[in-house]
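Since the structure comes first, as structure tokens, the remarks are kept for the end.
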Amino acid sequence: MKVTPMGEDDVRIDPWGSAQSTDYGRIINQFGLTPFKGEDAPSPSKLHRRGIVFAHRDVEQVFEATRTGSPFGVLTGLMPSGQMHLGHSMVVEQVRWFQDLGGDVTIAVADLESQATRGVSLEKGRKVALEEYIAHYAALGLNPEKTNVYFQSTRPVVQRLGFQLGKRTNLSEFEAIYGFGGDTNLAHVQAPMVQVGDILHPQLDEFGGLRPIVVPVGVDQDPHLRLTRGLAAKTNWFNLREASSSGLLISLSIHDENAEVFGQLPNGRVDKEKVAQVFHSVVEAIEGLGFSDIISSPKQGHVHVPSATKRDKHGLRMALLSLERRLGGLGLLAPSSTYHHFAVGMTGDKMSSSQPKSTLFLRDDAATVEKKIKRAFSGGQSTVEEHRRLGGNPDVDVAYQYMMYFFEEDDTYLAELNASFRSGSLLAGEMKQLCIDRATVWMSELHEKRDETAHLVQEFLSQDSR
Ligand code: TRP
């Protein structure tokens, strides 16, 4: 991956910090995300319809899988520390949406990361993960039969994979991605490497095999995705790019692991016989995909598929990754990801578990919910008279925002609320009361569900985590 030095006014994303840029337009540009178009998604959820899920990387390969009925997976992770709040529920809603589309779900409990970066013991992390997080994941409707929860500390393969891929990055890249310096403690190097293992391991044969994996996260996690995608690409044995004439070109990417298979002799000479064999196997691997013409030129070092278009890239890549696996490589596909906006904190600032007034915890009782919403930051004017005359601003009104993010499913009704608040006919206190009513119902339903699904928590755990 090419790393460009940070400019003066570039956004810095710190996955461990509490400060978070909400300049989403700039984030999209600076980090090369693709805007998420809700209308392109199959049966979009409210988060998609309302632009809350605002960007992605390569999510098309997942939608493609849903169209062709091929398998895909969803992976996300949770930090077992503190209480679960509304903000955390957004990822669960997205995971559930992908699950409904047919994805198999893997959830990483980041107990190693939580221990190293937040001082939570593995024992405590386990308890918090099960009683606080997974209990609510169950209540929020994840299906235990299609969800696999594991702990970083008890799944050695994620650590092994992280270690193995460590050789394809270095401290300069960490400096560029995370802004690390000489005094950064190495837990902040190890944690991302384990997360790389989390994200990539579901593709291994013993965890479901080669298939697209989508990672729904808050945009604060994008640095880890950039790292992971770069590392996956660097291990690949075959390159796929657009030909200058037309079509796509496949070439070999030679490195230590494949030098022998690719006929690169230790003395620097090339075993032409072996190279011919590899090119033959490439042609064989893609023949079944239905291209009219495949031109193999071992001498020029590539296979040219003139009739292939951008749309064929995914299919070709999958075929090449399978071939790589048959030849002894890892065959890793770069993961897809989706990103959501952060809901505003109730005080008008950031939402944070360490600031109880800034959010609703999923265990808050009705009285607390009411109190917090009553005191929440308002987008109304300071007097009723002024509000009627000037109207309010729903974009900063916490009660309205929480209806939009969490509690109100009906788009038409929400649009009415927005318009009447803006025009001044709906008062700030009235908006808060509507939000209190919805929030109270939402919470009490969740609590009821949580009691009903409590016995399922153990069923979410994978064998290695029981
Ligand atoms: N680092 C994530 C957080 O701070 C937790 C996490 C660990 C994660 N592994 C993951 C998130 C894999 C997404 C995918 O919340």
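What you see below is based on every heavy atom in this structure, not just the backbone, and it leaves out hydrogens, waters and symmetry mates. Each ligand, and each atom within it, is numbered from 1 in the order the structure gives.
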Original post:
Per the side chain to side chain donor-acceptor pair (under 3.5 Å) rule, which among E113, Q115, R118 passes with S81?
Top reply: R118
Original post:
Does the N or O separation between T76 and ligand 1 drop below 3.5 Å for any pair?
Top reply: no
Original post:
At what distance is the nearest protein heavy atom to atom 9 (N) of ligand 1, and which residue and atom is it?
Top reply: D198 OD2, 2.8 Å
Subject >> Ligand-side contact atoms (ligand 1) for residue partner M79, heavy atom cut-off under 4.0 Å >> reply: 3 (C), 4 (O), 15 (O)
Subject >> Lys/Arg-Asp/Glu bridge criterion (N-O < 4.0 Å) met for K310, E60 >> reply: no
Original post:
Side chain, backbone, both or neither: which part of V217 has a heavy atom under 4.0 Å from ligand 1?
Top reply: side chain
**OP:** Please work out which of the three classes, parallel, tilted or perpendicular, describes the rings of W237 and H255, given edges at 30° and 60°.
**Re:** perpendicular
Subject >> Ion pair K432/D397, N-O distance below 4.0 Å >> reply: no
Original post:
For atom 2 (C) of ligand 1, what's the nearest protein heavy atom and its distance?
Top reply: Q221 OE1, 3.2 Å
Original post:
Given the rule in the ring pair (Phe, Tyr, Trp, His ring centres under 6.0 Å) test, do F262 and F238 qualify, once you have shown the distances and angles that lead to the verdict?
Top reply: CA-CA 11 Å; F262 282 177; F238 300 99; 5.7 Å; yes
Original post:
For atom 8 (C) of ligand 1, which of H88, E113, Q195 has the closest heavy atom?
Top reply: Q195
Original post:
N/O to N/O below 3.5 Å, does that happen between R118 and ligand 1?
Top reply: no
Original post:
Going by the atom numbers of ligand 1, which of them fall below 4.0 Å from some non-hydrogen atom of L75?
Top reply: 12 (C), 14 (C)
Original post:
Is the closest basic N to carboxylate O distance between E370 and K374 below 4.0 Å?
Top reply: yes
Original post:
Starting from atom 13 (C) of ligand 1, which protein heavy atom do you reach first, and at what distance in Å?
Top reply: G77 N, 3.4 Å
Original post:
Does any N or O in the side chain of H314 come within less than 3.5 Å of the main-chain N or O of R311, such that one atom is a donor and the other an acceptor?
Top reply: no
